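Okay, so here's the structure we're looking at.
From a predicted model like this one, the values you see are computed outputs, not experimental measurements.
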Amino acid sequence: MATQTSGGPVYDSVLDAVGATPLVRLGRIVPDGGAPVWVKTEGTNPGGSVKDRAAVAMVRAAEESGALRHGGTIVEGTSGNTGVGLAMVAAARGYRAVLVVPDRTTPEKIALLRAYGAEVVTTPGLVPKQDPRHVQQLAARIAAETPGGWLADQYGNPANPDVHEHTTGPEIWTQTGGRVTHLVAGAGTGGTVTGAGRYLSARGVQVVAADPWTSRYGGGDGSPYAVEAVGHYLHPLTETDTWPAVYDTAVPNRTERVDDGESLRTLRRLAREEGLLVGGSGGLAVAAALRVSAQAGPDGLVVAVLPDSGRIYLSRYFDDARLRTLGFLDAPQGPLVRDAVGPYEPGLRVAPATATVAEVRAGLGDGPLPDLVPVVQPRTTDATTWAVPDVVGCVRVAELAGLAADDRVGAHAGPPPVTVGHGEGLDEALTRLDADGVGSGDPVLVLVDGRAVTQVHRSDLRR
Ligand SMILES: Cc1ncc(COP(=O)(O)O)c(C=O)c1O
């Protein structure tokens with residue numbers, strides 16, 4: 001319940017402060033002649049993200065149906081914003097919360113969940129979906145075995161998309177006075193784009209799903225990407241690629257696929273040119289929205305959903321030195337690594353960890369052999385993990401001959417090779433390689449936007 005005053009609303013509970021988020025007109029980064037782009041700032045929700053809406057709605061629905069009772073325990077598998085939302089709701093409503101998170105979850109995120117009083121259970125993030133240790137499998141088991149346990153199940157719970165149909169969509173319609181022509185939103189569970197999209201498309205609005213380039217949703221190969229919490233990974237050992245039941249893929253009229261480099265550069269422009277500090281999925285959505293704006297022209301009105309704030313991603317998306325080593329940013333001054341590397345043939349040969357030694361040998365073909373073959377493997381089925389660079393190890397070509405033909409290369413992979421970003425300052429890169437004891441004949445992988453593109457020797461990196 002809220003009491004309206006001229007100074008703003010007064011709420012009985014923090015949960016009543018969820019939703020009714022501001023729309024902000026982008027001022028400086030919209031293309032000339034394009035449609036205005038307005039952004040829905042979901043990071044202003046009290047738990048910090050769009051997932052507060054789903055968390056409150058799922059708990060209310062469970063209370064109404066009797067699935068969650070006084071003294072009960074809320075259980076969910078998530079390292080992300082849904083966990084924070086559920087931890088907040090549990091605290092405000094007096095429930096116990098048990099959240100299962102992958103072991104690579106940052107200590108800050110675990111601390112955030114615990115700060116709300118939630119119990120955190122960690123489990124390996126590197127396992128296929130059918131494995132009983134998988135985040136979602138383990139959460140389901142804990143919910144079933146805990147007396148009074150209730151699994152929120154954001155991927156299958158209809159209250160998730162419904163809340164967006166009843167709140168996010170109508171808010172956007174009202175805030176734009178019915179003038180919105182395009183909605184752009186990323187899809188994690190798909191709740192936002194399905195629910196808000198349903199409401200708005202019934203009013204003639206075009207719905208555009210923004211998707212990381214390699215995500216399965218938009219037709220990518222399912223390999224990892226840097227933008228967290230949206231899109232759909234495919235672990236190579238996952239037997240059945242199931243998509244969330246709540247994502248109605250018939251709702252979006254189309255998908256805009258955006259690579260990590262464009263998402264990250266847009267996110268950084270949002271912070272520096274618009275004063276909007278948002279997470280990776282906000283950069284993705286705005287990158288797609290800027291394209292939609294250019295296509296729609298001045299008569300359109302594009303609304304993009306910014307799901308959360310950038311504060312919890314400072315060490316990922318806003319650490320310039322780190323982004324340079326990953327090949328996302330250029331050093332302010334040359335010479336750069338790419339000046340020394342020169343042109344390279346596209347199509348660096350890499351081996352999935354699941355490939356056999358015989359397959360890798362056959363894949364090398366004729367011609368000059370590289371020193372090593374980078375081994376790549378999606379690191380997790382969980383969509384909340386920084387997963388670049390995508391190289392997880394390497395096998396030395398000279399050693400392949402001594403290995404059994406049907407062994408998997410993943411079992412023989414050594415540590416990942418040394419990497420440099422193609423836009424990293426050459427001196428900066430060489431200092432780093434020296435500190436790591438890389439010898440002049442040692443192989444070095446060059447990264448562009450977090451992905452290995454070519455292999456050189458340390459001795460090739462000369463001014
Ligand atoms: C930062 C962020 N962006 C986007 C999403 C995707 O929202 P949805 O699950 O409604 O598709 C999430 C979901 O957790 C999120 O945490």
Side-chain angles (χ1 to χ4, degrees), residues 28-29 212-214 223-227 258-273 280 283 287 290 310 313-350 367-376 386-394 396-397 414-463:
R28 297 174 62 193
I29 69 169
W213 187 261
T214 56
S223 64
Y225 39 85
V227 171
V258 182
D259 66 36
D260 285 337
E262 190 178 342
S263 295
L264 261 62
R265 284 184 280 272
T266 306
L267 151 101
R268 293 164 58 86
R269 290 192 71 196
L270 279 171
R272 287 160 186 235
E273 296 176 46
L290 295 181
Y313 308 101
L314 291 180
S315 60
R316 302 218 162 152
Y317 306 136
F318 298 97
D319 178 344
D320 289 10
R322 175 161 164 72
L323 291 182
R324 283 199 290 272
T325 64
L326 289 168
F328 284 107
L329 284 187
D330 284 358
Q333 278 167 359
L336 306 180
V337 164
R338 70 164 158 269
D339 299 326
V341 169
Y344 56 84
E345 290 286 314
L348 174 77
R349 277 169 295 196
V350 296
L369 291 177
D371 291 330
L372 54 84
V373 178
V375 174
V376 294
W386 176 256
V388 291
D390 57 344
V391 176
V392 294
C394 69
R396 300 209 162 251
V397 171
V418 183
T419 59
V420 291
H422 78 145
E424 205 178 345
L426 189 55
D427 290 337
E428 193 185 356
L430 290 174
T431 307
R432 205 159 51 76
L433 297 185
D434 287 345
D436 289 349
V438 178
S440 80
D442 287 344
V444 175
L445 287 182
V446 182
L447 304 177
V448 174
D449 289 354
R451 300 209 152 219
V453 295
T454 190
Q455 185 175 145
V456 297
H457 292 108
R458 157 76 170 77
S459 54
D460 297 322
L461 298 174
R462 279 189 306 261
R463 276 172 173 271

Flag side-chain contact, heavy atom, 4.5 Å: [X] against [Y]:
X	Y	value
Val341	Leu461	yes
Arg458	Asp434	yes
Val227	Asp260	yes
Val453	Leu348	no
Leu426	Arg462	no
Pro417	Arg396	no
Arg451	Thr214	yes

Can you tell me how far apart [atom1] ([X]) and [atom2] ([Y]) are? Round to the nearest 0.5 Å.
X	Y	atom1	atom2	result
Leu445	Leu372	CG	CG	6.0 Å
Arg269	Leu290	CZ	CG	7.5 Å
Thr454	Arg349	OG1	CZ	10.5 Å
Leu326	Asp319	CG	CG	9.5 Å
Asp371	Asp442	CG	CG	9.0 Å
Glu428	Leu430	CD	CG	10.5 Å

Heavy-atom closest pair, residues [X] and [Y]:
X	Y	result
Pro415	Cys394	O-SG, 3.5 Å
Gly421	Val337	O-CB, 3.3 Å
Ser315	Arg322	O-CD, 3.8 Å
Ala331	Glu424	CB-C, 4.3 Å
Gly280	Leu267	N-CD1, 4.0 Å
Ala226	Phe328	CB-CZ, 4.3 Å

Looking only at atom types and distance, does a side-chain atom of [X] sit under 3.5 Å from a main-chain N or O of [Y], one as donor and one as acceptor?
X	Y	value
Asp259	Gly261	yes
Gln455	Pro443	no
Ser459	Ser440	yes

Quick test of your reading: applying side-chain hydrogen bond (donor to acceptor under 3.5 Å, both in side chains), list the pairs with at least one residue in residues 333-348, sequence neighbours left out, ordered by first then second residue.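 Non-adjacent pairs meeting side-chain hydrogen bond (donor to acceptor under 3.5 Å, both in side chains): Asp330-Arg338, Arg338-His422.
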
The test is side chain to side chain contact (heavy atoms under 4.5 Å, CB included); show your working for Asp320 and Arg268 and say whether it passes. CA-CA 10 Å; Asp320 289 10; Arg268 293 164 58 86; 2.8 Å; yes

What verdict does the side chain to side chain contact (heavy atoms under 4.5 Å, CB included) test give for Val420 and Arg432, after you've listed the backbone C-alpha separation in whole Å, the side-chain angles of each residue and the deciding distance to 0.1 Å? CA-CA 9 Å; Val420 291; Arg432 205 159 51 76; 3.7 Å; yes

